[in-house]
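Working notes, beginning with the structure itself.
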Amino acid sequence: MSIVKAVRGVRDLLPPETDLWNRIESTARNVFERYCFGEIRTPIFEETQLFARGVGEETDIVSKEMYTFTPAGDEGGGQSLTLRPENTAGVVRAYIEHRLANSGQLQKLYYIGPQFRRERPQRGRYRQFFQIGAEVIGPPGSGSESPVRDAEVLEMLASLLSELGIRGWTLLLNSVGSSSERPAYVARLREALTPVAGQLCANCQRRAVTNPLRVLDCKTPQDQPIIDGLPRIWDSLDPSSKAHFNAVRAALEACGVPYEHDHRLVRGLDYYTRTTFEFVQRNAAAGEGELGAQNALLGGGRYDGLSEAIGGPRAPGIGFAIGEDRLVLALAAQSRAEVRLADAYIAPLGEALNAPSLALARELRASGLRVELGDGSFRLKKSMETANKLARAVVILGEDELASAMLTVKSFATGEQTKVSRNLRELTAVLAGNLQS
RNA sequence: GCGGCUAUAGUUCAGUGGCAGAACGCCGGACUGUGGCUCCGGAUGUCGUGGGUUCGACCCCCACUAGCCGCCCCA
């Protein structure tokens, strides 16, 4: 019989790597708290409609990457459901459904959780992947349209990456204009491409027809002079979009967050308007290669029309999604995960000492120490070997110790062995002292 | 979805058409109450799965599966 394995593109996360995941998540929660965001948890699947209308029917995500299924039977049978490929649409759906607009206030929400896309897996890209994201959304009049919200979110991200210890990131910033400016630009771009498309690489010849914006992403060196000569989206923006963008820049400069205005940054989701951004790690010295072709650590932007697209009231907003898998890759390259040693390993000498040893472990653990418990069937030598692998100190509990109420404690750091009375206060003092040395 | 590379011990990897290997890790050894370093010994295994060629396949061929790299796209 063949062994059942995890399906393609998904994986198990095991200790000690999960320590790193937990550290990333608690750092993110901590930062979000300081910016007064609250956590939202939306369902892992939604009506397929939500993504079709929110993310965009023509995007790759919706047209070919979704896990869509139709449950058979009972109530609501036949309804098409989809594992969420991203979380912004779900958050905005919840915003509408719970009438959060009625508070009149800005809503600041963050989420951490798995997302699902059926893409070809490779380094830094999985079919179940984890995103840490946040959204700032609110009705007109709540200030959700203000460029200071964009800048605040970007500044928060810069702080988060810095607190996580991510080095060598670059913030790429652009404006894709409003939902009316962008189609006008695409038309101009298409027109400009027509005479020169024949000189571009094969990829771009296809893109020029299917998705002209993507031509701007081309990395083929020979194409660069031609692409540089194409019209810039900036020149298609109206004065208010330009003013918005300039205000974001001014605020970033005021707080010292470095960025690059990347005229070519276009993003794949239909709902983006005005500000779009990515934080990429492409500096060789900071470990490029760890992320492979997936050098985007996070991406996001403004989505002033999303709520209306899925049937809600006008509710401009801005948000981002961090690829947690990629943060882990970037951080793992900087420091290898290590198994954390226990503060003490209790070694019972003989099975009769198992019970009193568990009682001792309970007390030490209750007082906050990390304690491993041995097994009385082990010989002392084996207990010592095991203890040395797992803990900083060993507490020996044999017949002598039981009779005298004096435990034997040996530090692996110093090699010193002492007798300590079986007293929680004294024991914890000795073990805590050992952690210092 | 398309293209390229890869799959051997728990891990990282050698290997040859004719007995399956190294390092690390693991277990054991004097010692029925003492770890780390060293020494000695041991097991590592359906050589990814299924077919085919051959007297004989871990090796050659085909298919499948998975991983990695790239494309597309994205976090």
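For the numbers below, each heavy atom of this structure counts, side chains included, while hydrogens, waters and symmetry mates do not. Lettering follows sequence order; numbering is per chain, from 1. The structure presented is a predicted model; accordingly, all values stated were derived computationally and were not measured.
- Using a 4.0 Å heavy-atom cutoff across all strands shown, Arg207(A) reaches sugar-phosphate atoms only and no base atom.
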Begin from the C-alpha positions of Lys419(A) and Leu407(A) and carry the test side-chain contact (heavy atoms from CB on, under 4.5 Å) through to its verdict.
CA-CA 6 Å; Lys419(A) 287 279 188 179; Leu407(A) 300 171; over 6 Å; no

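- Under the 4.0 Å criterion applied to side-chain N and carboxylate O atoms, Glu385(A) and Arg379(A) are not assigned as salt-bridge partners.
- Across all strands shown, Ala387(A) has no heavy atoms under 4.0 Å from either base or sugar-phosphate atoms.
- Within the 4.0 angstrom heavy-atom criterion, no nucleotide atom of any strand lies near Gly350(A).
- The aromatic rings of Phe279(A) and Trp169(A) sit tilted relative to each other, their planes meeting at an angle between 30° and 60°.
- For Arg123(A), the listed nucleotide lying nearest its side chain is rC69(B); candidates were rA75(B), rC69(B), rU34(B).
- With sequence neighbours excluded, the residues forming a ring pair (Phe, Tyr, Trp, His ring centres under 6.0 Å) with Phe32(A) are Tyr110(A), listed by chain and number.
- Listed nucleotides rC73(B), rA75(B), rC71(B) differ in distance to Gln122(A); the shortest reach to its side chain belongs to rC71(B).
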Report, as a single string ordered 5' to 3', how protein heavy atoms within less than 4.0 Å touch nucleotides 24-33 of chain B: B base, S sugar-phosphate only, - not at all.
--SSSS-B-B

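- Across all strands, Gly415(A) comes closer than 4.0 Å to base atoms (heavy-atom distances).
- Using a 4.0 Å heavy-atom cutoff across all strands shown, Arg392(A) reaches no nucleic acid atom at all.
- Under the stacking definition used here (centres under 5.5 Å, planes under 30°), the residue Phe129(A) qualifies as stacked on the base of rA75(B).
- No contact: Tyr345(A) has no heavy atom under 4.0 Å from any strand.
- Comment: Glu152(A) engages Arg149(A) in a salt bridge, judged by a side-chain N to carboxylate O separation of less than 4.0 angstrom.
- Side-chain atoms of Arg8(A) lie closest to rG67(B) of the nucleotides rG67(B), rG1(B), rC72(B).
- Backbone-only engagement by Arg267(A) is indicated by non-hydrogen atom pairs under 4.0 Å involving sugar-phosphate atoms exclusively.
- Taking the ring axis of Tyr126(A) as reference, the NZ or CZ atom of Arg11(A) stays within 45° of it and closer than 6.0 Å to the ring centre.
- Below 30°, between 30° and 60°, or above 60°: for His261(A) and Phe245(A) the angle between ring planes is between 30° and 60°, a tilted geometry.
- Against the 90° criterion about 0, the sugar-base torsion of rC61(B) places it in the anti range.
- Side-chain proximity of Pro121(A) to rC72(B), rA75(B), rG67(B): nearest is rG67(B).
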